[in-house]
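Below: the structure, in structure tokens.
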Amino acid sequence: MQLSVSDIASGNIKGRKISLVELEEITDGRGYLISIEFSNRVPFSVNRFSYVFNNKNQGRLAYACLRSKQLIICLSGKLRVKLHDGAEDCEYWLDTPSRALLLDPRVWLEMHDLSDDCALVVLASESYDADDYLYNFNNFIQEGKTNEKFSWQNNSSTSGRN
């Protein structure tokens, strides 16, 4: 399923919170400025800041976080993001730094078709913990079927947002 901006802005794939965050872009003769005030645009405390660049379109970015919320910003270039909630999937192109993808935990994320100039920033609610990550899609699906806390139907605890 291909998502539009309004689909993502509405925030759900079967109850999983996926939101599109519009970032204010200020322009003048000197160029562009986007400033993110965490208290206004990021609905979690940022504990980790990561960036990805020079990926050579390896498509190596596929995972789900069990506890961490993420805000993903494509600073330059573009990429195709595939998301899966355990029941259905969708995809979206990130191709502007003025729009960010906000993900609650327990959403499978794959990044594909990264352009040569693609540079990403990922803000995360949790410090790095290897146990927070699933890197195998089949394990992700199985975890949703067997772990009550992780269950696809148990969505009420995944987000403090409305």
Side-chain angles (χ1 to χ4, degrees), residues 1-25 34 36-52 55 59-75 77-115 118-126 128-129 132-145 147 149-162:
M1 166 175 47
Q2 188 79 17
L3 279 185
S4 69
V5 171
S6 61
D7 291 332
I8 292 179
S10 68
N12 269 311
I13 301 179
K14 292 274 188 194
R16 292 282 171 246
K17 295 294 183 177
I18 299 167
S19 304
L20 199 62
V21 178
E22 296 291 337
L23 304 174
E24 182 180 359
E25 189 174 272
I34 295 174
I36 301 172
E37 295 185 14
F38 289 173
S39 62
N40 294 335
R41 291 286 182 205
V42 182
F44 55 81
S45 295
V46 176
N47 283 303
R48 187 168 28 126
F49 174 98
S50 305
Y51 51 96
V52 178
N55 192 327
R60 64 177 178 86
L61 304 171
Y63 62 91
C65 291
L66 299 175
R67 295 177 300 278
S68 190
K69 296 179 183 182
Q70 300 174 83
L71 184 71
I72 302 169
I73 306 165
C74 183
L75 296 178
K78 65 180 181 176
L79 73 148
R80 183 172 51 91
V81 178
K82 290 180 71 175
L83 305 167
H84 199 291
D85 72 347
E88 64 183 18
D89 62 353
C90 67
E91 62 182 59
Y92 184 73
W93 281 92
L94 288 176
D95 56 6
T96 176
S98 63
R99 190 172 295 132
L101 189 60
L102 179 63
L103 300 176
D104 271 357
R106 302 185 309 225
V107 173
W108 182 259
L109 167 69
E110 293 180 13
M111 298 181 191
H112 297 278
D113 303 323
L114 285 78
S115 62
C118 185
L120 304 173
V121 167
V122 180
L123 305 178
S125 64
E126 306 297 321
Y128 179 76
D129 177 357
D132 187 34
Y133 286 84
L134 293 174
Y135 292 105
N136 179 288
F137 182 74
N138 292 330
N139 292 348
F140 167 75
I141 295 297
Q142 188 60 36
E143 184 73 16
K145 291 177 180 176
N147 184 337
K149 288 183 180 180
F150 188 74
S151 172
W152 310 126
Q153 289 75 41
N154 183 12
N155 297 320
S156 61
S157 65
T158 62
S159 174
R161 298 185 319 272
N162 293 326

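Since we're looking at a predicted model, the values are computed, not measured.
Between the CE atom in Met111 and the CD1 atom in Ile72 there is a gap of 4.0 Å [rounded to 0.5 Å]. The line from CG of Leu123 to CZ of Phe44 is 6.0 Å long, rounded to the nearest 0.5 Å. In this structure, NZ in Lys78 is found 7.0 Å from CG in Asp95, a value given to the nearest 0.5 Å. With rounding to the nearest 0.5 angstrom, the CD1 atom of Ile34 is 7.5 Å from the CD1 atom of Ile36. Rounding to the nearest 0.5 Å places CG of Leu109 at 9.5 Å from CD1 of Ile18. For the atom pair CZ of Arg106 and NE2 of His84, the computed distance is 15.5 Å after rounding to the nearest 0.5 Å.
For Glu25, the CD atom sits in a packed shell: over 12 heavy atoms of surrounding residues, nucleotides or ligands are nearer than 6.0 Å.
Of all heavy-atom pairs between Ala100 and Ile73, the closest is CB-CG1, 3.6 Å. Contact record, Cys118 with Leu79: SG-CD2, 3.9 Å, taken as the closest heavy-atom pair. Pro105 approaches Leu66 most closely through the heavy-atom pair CB-O, 3.3 Å. When all heavy atoms of Asp132 and Ser68 are compared, the closest pair comes out as OD2-CB, 3.2 Å. Here the closest heavy-atom approach between residue Lys69 and residue Ser125 is recorded as N-OG, 2.8 Å. Residues Leu102 and Pro43 share a closest heavy-atom pair of CD2-CG, 3.5 Å.
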Quiz item: Hey, mind stepping through Asp113 and Trp93 against side chain to side chain contact (heavy atoms under 4.5 Å, CB included) and telling me if it holds?
Solution: CA-CA 9 Å; Asp113 303 323; Trp93 281 92; 3.7 Å; yes
Quiz item: Does the side chain to side chain contact (heavy atoms under 4.5 Å, CB included) test come out yes or no for Leu134 and Asn136, once each step is laid out?
Solution: CA-CA 6 Å; Leu134 293 174; Asn136 179 288; over 6 Å; no
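No donor-acceptor pair closer than 3.5 Å links the side chain of Asp85 to the backbone N or O of Val107. Distance alone, capped at 3.5 Å, places no donor-acceptor pair between the Ser115 side chain and the Gly77 backbone.
Proximity of Leu101 to Leu83: side-chain heavy atoms (C-beta onward) are separated by under 4.5 Å at one or more points. Side-chain contact between Leu75 and Tyr51 is absent, with no heavy-atom pair separated by less than 4.5 Å. Inter-residue side-chain proximity for Glu126 and Cys65 is flagged as unmet; no heavy-atom pair is nearer than 4.5 Å.
Evaluation of the salt bridge (Lys or Arg N to Asp or Glu O under 4.0 Å) rule for Asp129 yields Arg67 as partners, not counting sequence neighbours.
Note on ring orientation: taking the six-membered ring where Trp is involved, the planes of Phe140 and Phe137 are tilted (angle from 30° to 60°).
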